[in-house]
Amino acid sequence: IYKCWYSPFIIGDSSKGMTIAERKEQEYGKHFREMGICYATSEDGIHWDKPELGLVEYDGSTANNLVWRADRSVEPGKWKQNWGGPHGTGIFKDTQDPDPARRYKAILKQKLLSVAFSADGIHWGPAIHCPEANSHGDTHNNAFWAPTLGKYVAITRQWKNISEKWETKEGPYIRLVARTTSDDFLNWEPIEIVLEGTDDNQQIYAMPVFYHAGVYLGLAAIHDQETDIVWTELTWSPDTETWHRVQPGTPLIGNDGVEGDYDWGCVYAAANPVFLDDEIRLYYGGSDGLHTSWRNGFFCVASLRPDGFAGYKSADGSVTTTPIYNGNIDLRISADVAHGGHLIVQILGVSDQVLAESEPLTSAVTDRVVNWGDTSKLGELGGAPARLKFMMKDATVYSFVSG
């Protein structure tokens with residue numbers, strides 16, 4: 001089954017039922033809000049159930065799908081000082097940890113950056129503070145096992161004061177993406193800044209990260225300070241430390257429609273896309289209003305073609321790789337080709353001579369084996385890797401793999 005953990009404000013002023021005109025008339029400001037963690041399941045990823053778990057009291061009843069909220073057993077009023085419950089929580093299933101009691105892991109802000117453990121993702125132990133990380137992560141924190149590093153990596157949020165007077169709290173603040181690592185998910189290194197926006201206006205609000213196809217991909221929420229709109233962009237890293245924005249300013253998941261439509265104002269991606277045979281599903285939270293205004297939240301999904309995160313597109317051009325292909329094994333390619341277009345692949349020798357050329361591809365393909373024409377000249381490579389040249393007419397190349 002599909003499992004979803006989501007964090008609404010379970011206490012707070014609400015715009016539910018307001019018209020757009022009423023939102024504009026009623027002042028939006030800071031007010032106490034409490035965040036909780038809820039749980040839902042689905043058999044197909046489209047139709048979702050919110051089970052009555054009977055675990056957490058809310059509005060005088062435990063007939064709800066809450067798995068966590070602020071501890072109200074402490075002195076009255078004190079729980080309100082605890083950031084209003086678990087804040088900015090990221091949850092993942094850790095299949096490499098041998099301890100079944102730690103199968104599900106959470107990273108969140110509860111006063112400080114904290115972690116928690118669960119055997120089933122429903123019944124959670126207490127939050128354990130991680131003061132050494134020293135993070136201001138009041139938004140979507142997320143963590144994962146990094147297979148290329150052999151340790152846990154957490155992505156959180158830090159602030160930069162552009163007046164360089166953080167200690168005096170003067171001047172505007174800029175949101176930064178920060179990283180910390182741990183060998184045991186309990187003891188974390190001090191955070192380091194790994195990515196910031198291209199300017200003070202478009203700031204990176206949060207960045208869920210996951211490992212895919214040998215690299216780390218990030219789904220960065222870009223908050224435009226002037227328009228107050230948030231969209232999601234694609235980033236990538238070879239090591240979780242050095243990050244590259246694929247096409248700054250161009251959304252992977254953009255805002256749509258007009259004010260009042262479900263993702264007109266904000267798009268915040270979830271940390272774990274779902275990879276199916278025929279599509280990639282990107283789940284995200286959308287909102288019908290601006291980031292700092294009245295808005296309703298929605299659970300949404302966007303889809304990509306397989307290997308469709310990013311591609312090289314050309315109406316009439318080419319791109320050539322570094323030496324990478326020895327010609328002795330199959331080459332498979334994923335690409336889109338428009339009607340009337342084509343994609344041709346060439347194998348180039350050391351002097352850019354064409355050693356082999358593929359049959360033209362004239363339609364969309366996923367992991368299609370390239371059929372070569374005359375391959376008699378491939379012996380000139382002598383086992384050395386060759387460059388590949390992709391010649392496109394109204395085509396997009398997403399990925400290729402040999403083997």
Side-chain angles (χ1 to χ4, degrees), residues 198 202 212-215 217-220 222 231-238 243-256 273 275 277-280 282 302-381 384-403:
T198 54
Q202 292 187 3
H212 176 65
V215 297
L217 297 179
L219 302 175
I222 308 299
W231 63 86
T232 290
E233 289 186 13
L234 182 67
T235 65
W236 78 276
S237 171
W243 286 92
H244 309 275
R245 292 172 68 178
V246 173
Q247 198 168 0
T250 299
L252 177 68
I253 311 174
N255 313 92
D256 201 8
F275 294 87
D277 291 338
D278 59 348
E279 69 175 347
I280 302 169
L282 304 174
S303 63
L304 294 172
R305 56 108 66 228
D307 271 352
F309 284 103
Y312 188 94
K313 182 178 182 179
S314 179
D316 187 14
S318 65
V319 61
T320 302
T321 72
T322 57
I324 197 171
Y325 181 64
N326 64 14
N328 295 326
I329 50 181
D330 286 337
L331 180 73
R332 303 196 310 275
I333 189 169
S334 294
D336 286 343
V337 182
H339 179 71
H342 65 253
L343 171 64
I344 297 172
V345 188
Q346 293 179 337
I347 302 175
L348 304 182
V350 292
S351 300
D352 287 343
Q353 72 273 30
V354 178
L355 303 181
E357 184 173 287
S358 73
E359 297 177 359
L361 296 172
T362 57
S363 61
V365 294
T366 300
D367 277 343
R368 170 74 65 83
V369 174
V370 172
N371 294 319
W372 303 105
D374 182 5
T375 58
S376 60
K377 296 182 179 180
L378 290 181
E380 297 179 19
L381 290 173
R387 293 188 293 166
L388 296 171
K389 183 176 183 179
F390 296 87
M391 298 186 296
M392 291 164 277
K393 177 177 172 54
D394 295 328
T396 304
V397 177
Y398 292 102
S399 65
F400 61 91
V401 62
S402 56

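- The distance from atom CG of N326 to atom CD1 of I347, rounded to the nearest 0.5 Å, is 9.0 Å.
- When side chains are defined from C-beta on, L343 counts as touching I333, because their heavy atoms get closer than 4.5 Å.
- Within the 3.5 Å criterion, the main-chain N or O of L388 finds a donor-acceptor partner in the side chain of T321.
- Shown here are the side-chain hydrogen bond (donor to acceptor under 3.5 Å, both in side chains) partners of D316, two or more places apart in sequence or in another chain: there are none.
- Every salt bridge (Lys or Arg N to Asp or Glu O under 4.0 Å) that E279 has, sequence neighbours left out, goes to R281.
- The side-chain contact (heavy atoms from CB on, under 4.5 Å) search around T320 returns L348, R387, K389, not counting sequence neighbours.
- If you take CD1 on I222 and OG1 on T198, they are separated by 8.0 Å, rounding to the nearest 0.5 Å.
- Under the rule for a side-chain contact (heavy atoms from CB on, under 4.5 Å), the partners of V215 that lie at least two apart in sequence or sit in another chain are L217, W236.
- Remark: S399 engages D307 in a side-chain hydrogen bond (donor to acceptor under 3.5 Å, both in side chains) (not counting sequence neighbours).
- With sequence neighbours excluded, the residues satisfying side-chain hydrogen bond (donor to acceptor under 3.5 Å, both in side chains) with R305 are D336, T366.
- Residues in residues 360-373 take part in no salt bridge (charged side-chain N to carboxylate O under 4.0 Å, His left out) pair, two or more places apart or across chains.
- E357 pairs by the side-chain hydrogen bond (donor to acceptor under 3.5 Å, both in side chains) definition with Q346, not counting sequence neighbours.
- Residues passing the ring pair (Phe, Tyr, Trp, His ring centres under 6.0 Å) test with F275, sequence neighbours excluded: H212.
- Judged as a side-chain contact (heavy atoms from CB on, under 4.5 Å), and not counting sequence neighbours, the contacts of D256 are D263.
- In this structure, L234 CG and F309 CZ are separated by 7.0 Å, a value rounded to the nearest 0.5 Å.
- Applying the side-chain contact (heavy atoms from CB on, under 4.5 Å) test to Q353 and every residue at least two apart in sequence or in another chain returns S351, L355, E380.
- The side-chain heavy atoms of Y325 and L381, taken from C-beta on, include no pair separated by under 4.5 Å.
- Panel note: side chain E359, backbone G373; no donor-acceptor pair is recorded below 3.5 Å.
- Once rounded to the nearest 0.5 Å, the distance linking CD1 of I253 with CH2 of W231 reads 14.0 Å.
- For F400, the ring pair (Phe, Tyr, Trp, His ring centres under 6.0 Å) partners are F390, not counting sequence neighbours.
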